[in-house]
Each structure stands twice: as structure tokens, then as C-alpha cells.
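Input: a single structure, listed below in C-alpha cells.
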Protein chains: 4
Amino acid sequence: MSATPASTPAKKTAPDAARRSERSRRAIYDAALGLVGEIGYPRTTIEGIAARAGVGKQTIYRWWGSKAEVLMEAFIDLNEQNARAAAANHPGVPVGASGLPDTGDLAADLKLVLRATVDELQDPRFEAPARALAAEGLADREFAEGFVRRLLMPGLDLYTARLRSAQEAGQLRADIDPETARDLFVSPIAQRWLQGTGPLDHAYTDRLVEYALYGIAARPATP
Amino acid sequence: MSATPASTPAKKTAPDAARRSERSRRAIYDAALGLVGEIGYPRTTIEGIAARAGVGKQTIYRWWGSKAEVLMEAFIDLNEQNARAAAANHPGVPVGASGLPDTGDLAADLKLVLRATVDELQDPRFEAPARALAAEGLADREFAEGFVRRLLMPGLDLYTARLRSAQEAGQLRADIDPETARDLFVSPIAQRWLQGTGPLDHAYTDRLVEYALYGIAARPATP
Amino acid sequence: MSATPASTPAKKTAPDAARRSERSRRAIYDAALGLVGEIGYPRTTIEGIAARAGVGKQTIYRWWGSKAEVLMEAFIDLNEQNARAAAANHPGVPVGASGLPDTGDLAADLKLVLRATVDELQDPRFEAPARALAAEGLADREFAEGFVRRLLMPGLDLYTARLRSAQEAGQLRADIDPETARDLFVSPIAQRWLQGTGPLDHAYTDRLVEYALYGIAARPATP
Amino acid sequence: MSATPASTPAKKTAPDAARRSERSRRAIYDAALGLVGEIGYPRTTIEGIAARAGVGKQTIYRWWGSKAEVLMEAFIDLNEQNARAAAANHPGVPVGASGLPDTGDLAADLKLVLRATVDELQDPRFEAPARALAAEGLADREFAEGFVRRLLMPGLDLYTARLRSAQEAGQLRADIDPETARDLFVSPIAQRWLQGTGPLDHAYTDRLVEYALYGIAARPATP
DNA sequence: GCTTAAACGAGACGGTACGTCATGTCTTTGA
DNA sequence: TCAAAGACATGACGTACCGTCTCGTTTAAGC
């Protein structure tokens, strides 16, 4: 888990990661998340982060390329801490190899997880930085790539894996593409959260599961 | 009627819209769309728009509150022009009351329209401003409200209406919520376009229609 | 004294002075003097004058070339009113042909008038516009010429005339240049008022008269 | 003991003068004087100074409060350089303790110095900034105080000292106030220079000395 | 008394400069 | 020897006025 040795930006001469001040790194993460939560991402500035972290601006520019990158790493770090804490609190939750619950009842499992996802999306500690990162991704394709790969995909892949598992168990049609199928559940939630195109609650996610699993077309009357 | 006589928010003293320069308005729209297309939204500045439009900055600040608002109106205007041009070019296209094709074959109609939607989303003239507006909406809830109401919803409502029509024709289950159903088709496209979580092509949209209409769950063997 | 028919600035086509609104002219004078007194000359703007006078900006630009010109005419008008009022209040004051008191005692007359001048210079209603006009004159040679000719010289000429009268009466050396002599009294007051190089009071002006009339050099002992 | 150990007025946080860029300071002085000389003070802008100096606007705002302050320091600096250059060129000029020539002949000394002063006032390199600073002093009393103290008084005090020296030598009446006496010579020059109330040449200054020293009143015939 | 042209109030317009803020780079200084 | 502190050049921000230019509305003159 230590620093990502390959991804050193290495303009000029690459700084020596071994000498990096852990205390500064943490202070910068805290300042970035704090400011984004308190005054919003657009009004959060690198100067502001440096000042609150008690750090020189150069210390930020040395290790990150933009405030978006700072925030992304701060957010990833926050998620890792939360995941560790959650794992510590609920040591025995039975999950499939996919990382999602796998009780055999696909509909129930999906409903459960989607409800939890919706709740997490609306947790204010997550919402502000997550929206900011999503916005940055819209404006900057390169940033978006990293954002999707490092933050979004790991979560989406859990669903894909769970669907593949269901497919192997014969609960899903064999000709289904799991990624497309995954989008039927996940994307509507994403869009309502990103754009506010409608209410985002448990009833909605339950409906999504029902409709996607069994289709919305009228069934021919079975005489 | 309606005019909105009451809704004058009137910061300072509201300018007199009757004296507004149409020539300046058009020049500002053109400059805004041009710059966003050429150098991208973040590097587009109000000063740059004013300079390219040959207009004083104050003329922009007099009528709009931010570059996002300028771009939204420019984009809406662009869409209206395109719609008018399209209507002029294809005067006799048979559409349902909903505004979407309604041949009676729901699956075919949806596939057709979704393919067209995907193509439009990837038209470079649309993509840059649309992504910029979506990004702005992520950062500013109030802006998002206007963005959704003025740009997104009119498009989404066409789908909702088409689905309701299908429901009345007995092609859709009667207990289906049309807005949730609409999201099954539309949101996956939106997310792939917004975040780049996967390829966005005709095969994908066709699959979405198939899966959503008939469900992805394995069917019990019909003996 | 009527309008100066030759000096019409006549950019574009000269406006018709006969149709000029007296009410607007007065309102502009009052607004200009009021604003200069209240917020100072630099923060007084043409827009501000127009707004306070309830007048369109163009009405100012039609008749004057700058805010300095407006203020100069307003100030001249104020002085004329004051002069009329003073003349009405003291109908029988005996003055020489020069306009200054001429009792035959040059020293006494000068002391009296210089004391009055100093008092007037320090009247707050006069001070603000007068200083502003003097400042404008420093920056703009052309304006200065008009300022001196229309405002300053008429006052200075009174002193010159009084000195010439004294010269004819044999009280002043015959070889004295009256304008240089006048400066000995007037310029020190002007400089202290303009630049604040020292206190400006009656004792000072009395001293000036003494020194200038009788010289500051030690007299050879008269045995 | 008494916070604010020195005179830290400290708007925001006072900048660290030790880190100040000497190169920028010099470039700003040169640009300010150059622009004032070329296009005049009113059309000289802080943006223009910054641009010509190759300096950010903020660097000006960091160290000065207005363009008038910039120009005053630039002008003081110019005078100091000139004084140094003059001292280097004429190393052995005999001057009194006052800094003005003191040959024992007061009239001759004054005439000499006043002629030089008049010449300097009309040197175009001095005239433009000096008039601008004087104008600014008229509009801003606080600025005037600094202008007088830092620029005007040092010059005037030379005259006062010379007169005091003459007084001690018995050439001036003992009851004369030297500052008032000084104004008899200096103020007329100042006013003619500031306001253009008359020609400013050597004949004029010679006359001033004569008149002031020996008085303008007719002398009683000495029988 | 009616017509007509100008001056008028209002204020939108293309501009310029303001003074502030944040950027990303570079330099100084103290631990 | 690093990192904090922060000065620097750059450039956009949003505001205030500039002087010009329409707009309709008085208003006074001349028919």
C-alpha cells in the first residue's frame, strides 16, 4: 500500500519520495477535505489548503499536479480509512468472492447493496468531495480516466462480479452482458445523484431491481 | 400570457430588456460556444468571450450572472436553432404526440431514438458545451436545477411520454412507473457519456432496450 | 455679459443655447457643488452629478467638456450669487475704483483685505471646489489658463490696482512693478493655502504686509 | 510593553521588506517617471506602470497605496540620485552650514539660488512629476502632508536657515520671522510655477529679492 | 393651436482601469 | 537540507465610470 512508486509525476527532478513528510501529507488531506466540505470545491484553493495545513504551497505542487489530484488522493485515503474501520467493526459479514453479499437471492442482495450505496452517496462527508471529483472529471478527460479507474471502477466491478456469479448460478440469462446489466441498476442511481433528475431513495432502487430483472414489457397472457 | 411579470429577482436595478442589443446577444452566444469548443470551458473566460464578441464585459454581467449562465443560454439557443432547422428540413416526419416516433413497435422506436441520441451526444459541436454545463451543475446545485429543468427534462419527458403511450397501448406492464422505466434506457447512456465508464455505441443501446424490456433474469423453462 | 457667441465649442452641431433648460443647469451646479463638498472631487463623477441632478448624462456632455468645467462654472455661479448677496447686504461700503478699500492708509487696507481673503479661503463651502479646480489646473495647462483668467486674475487684479493707486499717491516707490509687489502679499497666502507649508492666520498676513512694505533687511543705523 | 513595537500599521499582513526585489523597485520608478513624462500623470495608470516595468500589478499594490505614492518615491529617488551626481561633480563648492551659498552677501546669494531654483522648476524632467505630486496634494490632505514633509520642506528649510544665518550676522532685522521672510521669496515663485499667474524668469526673482529685502514702500526723504 | 424639431431623462453600449485574488515559479530563511 | 514562508509575473475577476449612442418624452418655436 505504500506510495505508488511508478506514478511519480517527475517534472524537473523527481522529488525523493522516501524523504516525504507523512505529517504534511496527512495535514494536506485533512485541509483539502475540510475546505471542500465547508466552503465547496470551487472556492477551495491550493493556497487555502496550504495555509490550513500549515504547509508551504511548494510542498503541494511538489507532490500533486492540481487541486483535483490532491482531493482525489485525499478522498481515496478517506475511503481506505473508512473501509478499514468498517472491516474492523463488522468482522464476520459473509460476502461472496465478489465482495458483495451473495446469499443466492440476487434480487434481495442487489436491493440491499443498492440501498446502502444510496445512503452512502448521500452522506455529507462523501458527497462534497465525490461530486467535486466527478465534476472535475467532466472537464478534464485525463483526470476522468484516473477517477474512473481508481475510484469508480473498483466499486462497479463488484456489481459486475456479483452478476457474473449469478449468471453462473443460472439466475441470469446466459446471453446477458454483465456490464450492460450492471448499468441498468447503477447508472440510474448515478444520474439521479449526479444531476438530480429525480428522487433517490430506497423505493426507487427497489423498483430498479424489479424492472431490470423481470423487464418492463407486458407479458403475453399465459392462458 | 404568463410573461413572468412577478419573477423579477432584480439585483441592483433590473436592466431594461426592451433596449437590449440583439446583435450583442448573438455575438456573445457565438463567442461563448466558439471558445468552449476551441479551448475548453475552464480556459474560457468572461473577458475572452467579451473580447471575441467585441462587447464590453459589463454587457455580459448586465444580462448574465456567470459564464455558466451565458453558456447555458447559448447552448439552448443553439439547440433551438438546430431544432428549427431540422423541422424545416424534414417537414413530414410522423411522430406521436409525445414528439418521439410512435410506430407501435416500442422496442424499435426506442432503439432508433437512443441511437440518434448517442450520435448527437458525440457530435463535437454539442459535446463540449454540454459536458461543461453538466460539470457546472455538479458544482452548483442551483445551476443544476435550471440545467435539468431547461435542458435535460424536456428531452427526458419525451421518453416518459412515449413509455406512457406504450403503457396505454398495453405494451408495458400497467404497474410500471414510467420515469423509473425511462431511466433504465437513458441513465446508462448518460453515465457512459458523462463518466466514460464504458463504450457508448449502438450495440450498447440496443442491448439496453432488450434487457430493460424483457428483463435479465433467467426465465423459468416454459414446459 | 451675455453668452459668448464666438466660443461655441461646436463639436458635431452646436446645441441651441436658447432652448437650454435653466432648471437642469441649476440642478447640475447644485449637484456638482454638493457632491464635491460631501465626497470630494476625485470621487465625484459625472454619472453621480447627473443622477443627483435628475438629469441625463448627455445633458452634461452637451454643455460641458469635463467635470472640471462643470465645477468651474458652478463655482463661478456660486461666487456671483455670493457677490450679489454681499452687495445687497452692504450697499454703502466705500471702495476705491479698484474695488478694494482705499482709505489712503495702504498698510491698513491691505491687512484688512488679506485677513478677509484668508477667512474666505478657509470657508468650507469655498475650499473644496476651489482646491479641486486648482488641482485640475495643475494637471491640465489649458484648463489652468481658463481657471486663472476667469477666477484667479479678477481677484488678483484688485490688488494690482490698489497698489497702482498707492503708487500714484506716492506711497509706493515709483520703480516698483505692481504685479511683482502684489505677489509679495498674495503668493505666500496662496502657497500656504494650496500646500499647507505653514499656518495661515491673521498674524501671518499682517506680518507679510509689514515685511513687504518696509523690507526685511537691517537698516543702517541712523545716527 | 506596548505592542506594535514600531510603526507597523499593517493592513492585511505587512510584506517582508527584506525580501523585496530591488530590481522591480527600480523598474517601477523608471516606468512611473517615464510615463508621467510621456503621457502625463492623469493618463498614467498603475496597470501601465506595471506593464512597462515588467512587473505584476500586485507588486505595486504590495508596496504602495496609490500611483501618487509610487510617483512620490520615484521622484524622491530621482532627486537623491541627482543630488549625489551633483555632489560628485562639484566636490568643492563652498556652502554655508545651511546648504545654500553663504558668501556674506545675502542679496547676491538669494538671487543666485532663486535663479537656479527657477531653472530647475522648468527642467522638463522635473516639471511633470512635480506638478503631478502637487496636484495630488491638493486633492488629498494626507498625501499633501507627506509631500510637504518629504519633498517641499527640506528645500524650504535651506532658505530659512540661510535667513537665520543672515539674521545672526546682523543683515536682517532681528524681529523678523524667518519663515515668513522666506515665503516672500519662495511663494511668489511657487505660485507662478503652480498656477501660471505670470512669467517666471530671472528678472522676476531678482526683483523679488530687491523688494523683499528693502521694502516697496516709498522712503521718507532723508534730508 | 398644431406641428415639428430640439433638448431632455434614461440607460445600454464598447471600453479602460480599478483593486483583489489565485495561479504556479522562484528565492530567502530558519530549524 | 529541506520545507515554511512568501515575493514574484501573470492573468481573470467583478465593479465603476468613461464618453457615445439610441430610445421615447417633454417642451418651446414657428407656422
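Nothing here was measured: the structure is a model prediction, and the numbers come from that model. Naming convention: chains lettered A, B, ... in sequence-line order (proteins, then strands); numbering from 1 in each chain.
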Full working for side-chain contact (heavy atoms from CB on, under 4.5 Å) between D:Tyr29 and D:Arg26: CA-CA 5 Å; D:Tyr29 287 167; D:Arg26 294 235 56 85; 4.2 Å; yes

Please state how far atom [atom1] in [X] lies from atom [atom2] in [N], giving the value in whole angstrom units.
| X | N | atom1 | atom2 | answer |
| --- | --- | --- | --- | --- |
| D:Glu22 | E:dT27 | CD | C1' | 16 Å |
| A:Ile46 | E:dC21 | CD1 | C1' | 14 Å |
| A:Arg43 | E:dT20 | CZ | P | 19 Å |
| B:Ile28 | E:dG15 | CD1 | P | 12 Å |
| C:Arg23 | E:dG9 | CZ | P | 9 Å |
| A:Ile60 | E:dT25 | CD1 | C1' | 15 Å |
| D:Arg62 | E:dG19 | CZ | P | 16 Å |
| D:Ile49 | F:dA9 | CD1 | C1' | 17 Å |

Sugar-phosphate, base or nothing in reach of B:Arg20, heavy atoms under 4.0 Å: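 The residue B:Arg20 makes sugar-phosphate contact but no base contact.
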
Sugar-phosphate, base or nothing in reach of A:Gly48, heavy atoms under 4.0 Å: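 Answer is nothing: A:Gly48 stays at 4.0 Å or more from every strand.
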
Minimum side-chain heavy-atom gap D:Glu73-D:Trp63 below 4.5 Å: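 A side-chain contact under 4.5 Å is absent here.
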
Contact check, side chains of D:Lys67 and D:Glu47, non-hydrogen atoms, under 4.5 Å: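 D:Lys67 does not reach D:Glu47 side chain to side chain.
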
Residue whose nearest DNA chain E nucleotide is more 5′ - B:Arg19 or B:Ala53: B:Arg19

When you measure from the side chain of [X], which nucleotide among [options] comes out closest?
| X | options | result |
| --- | --- | --- |
| C:Glu47 | F:dC8, F:dC18, F:dA12 | F:dC18 |
| A:Val55 | F:dA4, F:dA16, E:dC8 | F:dA4 |
| B:Thr45 | E:dT20, E:dG9, F:dC13 | F:dC13 |
| A:Tyr61 | E:dA7, E:dT23, E:dC13 | E:dT23 |

At less than 4.0 Å, is any side-chain N or O atom of [X] found next to OP1 or OP2 of [N]? Yes or no.
| X | N | answer |
| --- | --- | --- |
| A:Ser24 | F:dA4 | yes |
| C:Trp64 | F:dG19 | no |
| D:Thr59 | F:dA9 | yes |

5′-ward residue of the pair C:Thr44/B:Lys67 relative to DNA chain F: B:Lys67

C:Ile49 CD1 to C:Leu33 CG distance, which is reported to the nearest 0.5 Å: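 Going from CD1 on C:Ile49 over to CG on C:Leu33, the span is 9.0 Å.
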
Distance (rounded to the nearest 0.5 Å) between A:Leu71 CG and A:Asp77 CG: 11.5 Å

Check: E:dC21 base within 3.5 Å donor-acceptor of D:Gln58 side chain: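 Such a pair is found, so the answer is yes.
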
Under 3.5 Å donor-acceptor pair, D:Lys57 side-chain atoms to E:dG19 base atoms: yes

Shortest non-hydrogen contact from D:Gly137 toward C:Arg131: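 Result for this residue pair: O-NH2, 4.2 Å.
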
